[in-house]
Amino acid sequence: QVQLVESGGGLVQAGGSLRLSCVASGRTFSSYVMGWFRQAPGKERDFAAGIIWTGESTWYADSVKGRFTITRDNAKNTVYLQMNSLKPEDTAVYYCAAGPVLSDVPGRYGHWGQGTQVTVSS
């Protein structure tokens with residue numbers, strides 16, 4: 001079992017940056033694939049980025065590729081999402097998730113954090 005807690009959200013102007021963190025409890029963190037998803041009001045939860053347990057392979061949604069970077073530190077049980085060149089359309093609640101395989105499908109992840117709000121003003 002793993003529990004996830006996100007932090008780092010906030011209000012930022014367009015073009016700015018934020019770094020989200022997700023700290024996991026449990027000794028099996030390093031065995032999980034980690035993903036970041038986001039959900040805007042009235043919309044479905046969408047995949048943003050994912051990273052395998054070694055950190056050697058990552059996957060990004062086209063909408064964030066080149067602007068967002070996902071990394072993980074297994075010694076700290078933490079996964080990060082560095083978000084640069086933020087746009088108003090990036091405004092959403094951002095969730096981290098843990099699962100067995102790298103996927104862009106929310107249902108493939110069995111563990112979720114509570115989410116952190118990111119708001120980008122124009």
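As the structure is a prediction and not an experimental result, all values here were calculated from the model. Side chains included, hydrogens not; waters and symmetry mates left out as well; all remaining heavy atoms used.
- A continuous path of Ile, Leu, Val, Met, Phe, Trp and Tyr side chains, each step under 4.5 Å between heavy atoms, connects L86 with I70, placing both in one hydrophobic cluster.
- Ring-centre distance between Y109 and F37: below the 6.0 Å cut-off.
- Sequence neighbours left out, not one pair with a member in residues 43-72 passes disulfide bond (SG atoms under 2.5 Å apart).
- Among all heavy-atom pairs drawn from A49 and L81, the shortest one is CB-CD1, 4.1 Å.
- In summary, the aromatic rings of W36 and F68 are positioned with their centroids too far apart to meet the 6.0 Å limit.
- Atom CG of residue N77 and atom CD of residue Q3 lie 12.5 Å apart, to the nearest 0.5 angstrom.
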List, one per line, each side-chain donor-acceptor pair under 3.5 Å for residues 15-24, sequence neighbours excluded.
from	atom 1	to	atom 2	distance (Å)
S17	OG	N84	OD1	2.9

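- For K87, there are no salt bridge (Lys or Arg N to Asp or Glu O under 4.0 Å) partners at least two apart in sequence or on another chain.
- Residues satisfying the side chain to side chain donor-acceptor pair (under 3.5 Å) test with E89, not counting sequence neighbours, are none.
- In this structure, Q13 contributes its side chain and S122 its backbone to no donor-acceptor pair below 3.5 Å.
- Taking T119 as the reference, L11, T91, Q117 meet the side chain to side chain contact (heavy atoms under 4.5 Å, CB included) condition, with sequence neighbours excluded.
- Sorted by first and then second residue, the disulfide bond (SG atoms under 2.5 Å apart) pairs involving residues 50-95 (not counting sequence neighbours) form an empty list.
- For W59, the ring pair (Phe, Tyr, Trp, His ring centres under 6.0 Å) partners are F47, not counting sequence neighbours.
- T69 is linked by a side chain to side chain contact (heavy atoms under 4.5 Å, CB included) to Y60, T71, Q82, counting only residues two or more places apart in sequence or in another chain.
- Annotation: side chain to side chain donor-acceptor pair (under 3.5 Å) contacts of S25 (sequence neighbours excluded): none.
- Counting heavy atoms of neighbouring residues, nucleotides and ligands inside a 6.0 Å radius, atom CZ of R108 does not exceed 12 of them.
- Hydrophobic cluster membership differs between M83 and Y80, with clusters built from Ile, Leu, Val, Met, Phe, Trp and Tyr side chains linked at under 4.5 angstrom.
- Open room surrounds CH2 on W53; 12 or fewer heavy atoms of other groups in view lie less than 6.0 Å from it.
- In this structure the side chain of M34 reaches within 4.5 angstrom of the side chain of L4, judged on heavy atoms.
- For T54, the side chain to side chain contact (heavy atoms under 4.5 Å, CB included) test picks out I52, E56, with sequence neighbours left out.
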Could you tabulate the donor-acceptor pairs under 3.5 Å formed by side-chain atoms of residues 92-103, not counting sequence neighbours?
from	atom 1	to	atom 2	distance (Å)
Y94	OH	R38	NH1	2.9
Y94	OH	D90	O	2.6
S103	OG	V105	N	3.0

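- Screening residues 70-84 for salt bridge (charged side-chain N to carboxylate O under 4.0 Å, His left out) gives no qualifying pairs among residues at least two apart or on separate chains.
- The side-chain heavy atoms of W112 and R45, taken from C-beta on, include a pair separated by under 4.5 Å.
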